[in-house]
Amino acid sequence: MATSLTLLPLGVGDSRTTRHNYVQLVLNVDGRNIVIECPAYFRKALDSNNKSGERTLEASDLKEFIVTHIHADTVAGLEELSWYQAFGPVGRRKLYAPQWLLEDVWRILKPAMGPSTRFDPMINPWLGGIDGLVDLTSPEPPYWPYPAGPARFDWYFDPVEIYDDGQPKDLGGFTIACMLTRHIPRTVALKFDFGNFKFGFSSDTGFYPRLIEWLEECDLIVHDVLFGEPEPERNLHCPIVNLLTLPSSFQQRTLLVGYSDDAYEDDPDNPRYDVDEYRLLKQGKLYKLL
Ligand SMILES: [Zn+2]
């Protein structure tokens, strides 16, 4: 059972946003930060949060990440994080995802992160980079072949498999379960059980009644939304017209995320679109759940 639980959205915007940050959520359970998604420019998102958000956060405070699929607006920050932790003082972050997604993450990181820029950190953790390996006065083109050999995924992250079939995984003090959503590529929704509070995150998804059913038991749900009529995306994100068919009891517990820049003029509490009893998730607002 959690004693305190908060939700801080670092970003709430869709993949085209210039107004908000990409969707990224930080749950804080009894002082432990769990970060959902790691989109591109995550350091900028932290910086903008620290200027206008209701709680400040430093990159060194973030040691546990969960990702839901391989789009840039959900995982491109992992390369930024790789460099930060490869040379920073905190070391490897935990990265939770289904096994196939962990493999996909390394597949996209490997061309950039696979050639090592230093000795094996298992042997010599923070000493000896390429400066000690190459002769800077040599006329030969440097760094090819890579002087320090290959790096491995687990130099950068401590990967932890979670399951995509609904089976809960105990992460110490709470559990997390996943379910495949209606999105391309393969994507998981998340359900956290803190004993006395359940939190659900739809991730990117088209309208999916089975997913709504799966999230139904949650005390708070953050759900994907699509406003307007961008036809090519109608089956990849969740049109508001479909969400409006759901009962009041679901709407009242659900905050909408991944919305377009035109979703509101000045105040997210006054959206331009009819959202009935839903509310827009607000970037930088600290939601106290317990
Ligand atoms: Zn996506």
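In each ligand, atom 1 is the first atom listed, and ligand 1 is the first ligand listed.
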Inset, instruction - Without swapping roles, check the side chain of Gln283 against the backbone of Asn21 for a donor-acceptor pair under 3.5 Å. - result: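 Side chain of Gln283 to backbone of Asn21, a donor-acceptor pair under 3.5 Å: yes, one is there.
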Inset, instruction - Please determine if Asp14 and Arg16 form a salt bridge, counting it only when a charged side-chain N lies under 4.0 Å from a carboxylate O. - result: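 Arg16 and Asp14: not salt-bridged.
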Inset, instruction - Report yes if the side chains of Arg182 and Phe207 come closer than 4.5 Å at any heavy-atom pair, otherwise no. - result: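 SC-SC contact between Arg182 and Phe207 ruled out.
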Legend entry - Residue pair Tyr273 / Val225, side-chain heavy-atom distance below 4.5 Å: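 Sidechains of Val225 and Tyr273: no contact.
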Legend entry - Metal site the Zn ion (ligand 1): N/O/S of Asp204 inside 2.8 Å: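 Yes, since at least one N, O or S atom of Asp204 sits under 2.8 Å from the Zn ion (ligand 1).
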Inset, instruction - Report, rounded to 10°, the angle at the Zn ion (ligand 1) between the two atoms NE2 (His69) and NE2 (His183). - result: 100°
Legend entry - Atom nearest to the Zn ion (ligand 1) - His71, N, O or S atoms considered: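 Atom name of the closest N, O or S in His71: ND1.
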